[in-house]
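Have a look at the structure below, then the notes.
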Amino acid sequence: MNTAEQNFAALGLSLPPAPKPLGVYKPCLIDGKYLYLSGHGTVQDDGSLIIGRIGADMTLEDGKLAARQVGLAMLATIKANIGSLDKVKRVIKVLGMVNCTPDFEKHPFIINGCSELFASVWGEENGIGVRSAVGFGSLPDNIPVEIEALFELV
């Protein structure tokens, strides 16, 4: 059985820089055996953001890729703060927020971009937790997706 770090390496993806807070909050907080991650956005490898509104500026597939990019930013925060993805035992909860038009109805499809990444890293049993996927009329800086999550540590 592979470790989370080995699983991530096998995906051939790169991590963006761990995002810096854009307000008065902590990007992550450890409380006992739990790791809370604040809402993360669509930080790319060069530090820029993917921007746009799903249903207006972006397709379903673009939105799903944006959600995967948020997941990568979250992994970068985990590594920057606790050193290794192997220190995460499992995903407990994911809240995915989608910047979309009022008639958009495929929020779960979009957030699958992040959930599928987590399942690939920690496996089906530990990489899939409970989840909410909801639509918003806007998100900070016009990013298409914001995600926060709760993890259990080893």
Query raised in the report: When you look at Glu148 and Leu37, which way does the side-chain contact (heavy atoms from CB on, under 4.5 Å) test go after all the steps?
Result: CA-CA 6 Å; Glu148 66 177 48; Leu37 287 190; 5.8 Å; no
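Checking side-chain atoms of Arg53 against main-chain N and O of Gly137 turns up a donor-acceptor pair under 3.5 Å. In terms of modelled atom types and a separation under 3.5 Å, the side chain of Glu116 and the main chain of Gly113 share no donor-acceptor contact. With hydrogens and angles ignored, the 3.5 Å screen pairs a side-chain donor or acceptor of Ser38 with a backbone N or O of Lys26.
Linking ILVMFWY residues whenever their side-chain heavy atoms come closer than 4.5 Å, directly or via other members, leaves Val88 and Ile128 in distinct clusters. A continuous path of Ile, Leu, Val, Met, Phe, Trp and Tyr side chains, each step under 4.5 Å between heavy atoms, connects Ile111 with Leu13, placing both in one hydrophobic cluster. Tracing side-chain contacts under 4.5 Å through hydrophobic residues (I, L, V, M, F, W, Y), one never reaches Leu35 starting from Ile92; they form parts of separate clusters.
Donor-acceptor pairing under 3.5 Å is lacking for the side chains of Asn99 and Ser138.
With sequence neighbours excluded, the residues satisfying side chain to side chain donor-acceptor pair (under 3.5 Å) with Asn112 are Arg131. Every residue meeting the ring pair (Phe, Tyr, Trp, His ring centres under 6.0 Å) condition with Phe104, not counting sequence neighbours, appears here in chain and number order: His107.
More than 12 heavy atoms of other residues, nucleotides or ligands lie within 6.0 Å of NZ in Lys93, so this atom counts as buried by the packing criterion.
When every heavy atom of Leu85 is checked against every heavy atom of Val121, the shortest pair comes out as CD1-CG1, 4.1 Å. Shortest non-hydrogen contact noted between Ile147 and Cys114 is CD1-CB, 3.5 Å.
Annotation: cation-pi pair Lys64/Phe109 present, NZ/CZ under 6.0 Å from the ring centroid and within 45° of its normal.
Under the 4.5 angstrom side-chain criterion for Ile, Leu, Val, Met, Phe, Trp and Tyr, the cluster partners of Ile51 are Val43, Leu49, Leu95, Met97, Val134, Phe136, Leu139, Ile143.
Contact check on Glu125 versus Arg90 returns no salt bridge, with no Lys/Arg side-chain nitrogen under 4.0 Å from an Asp/Glu carboxylate oxygen.
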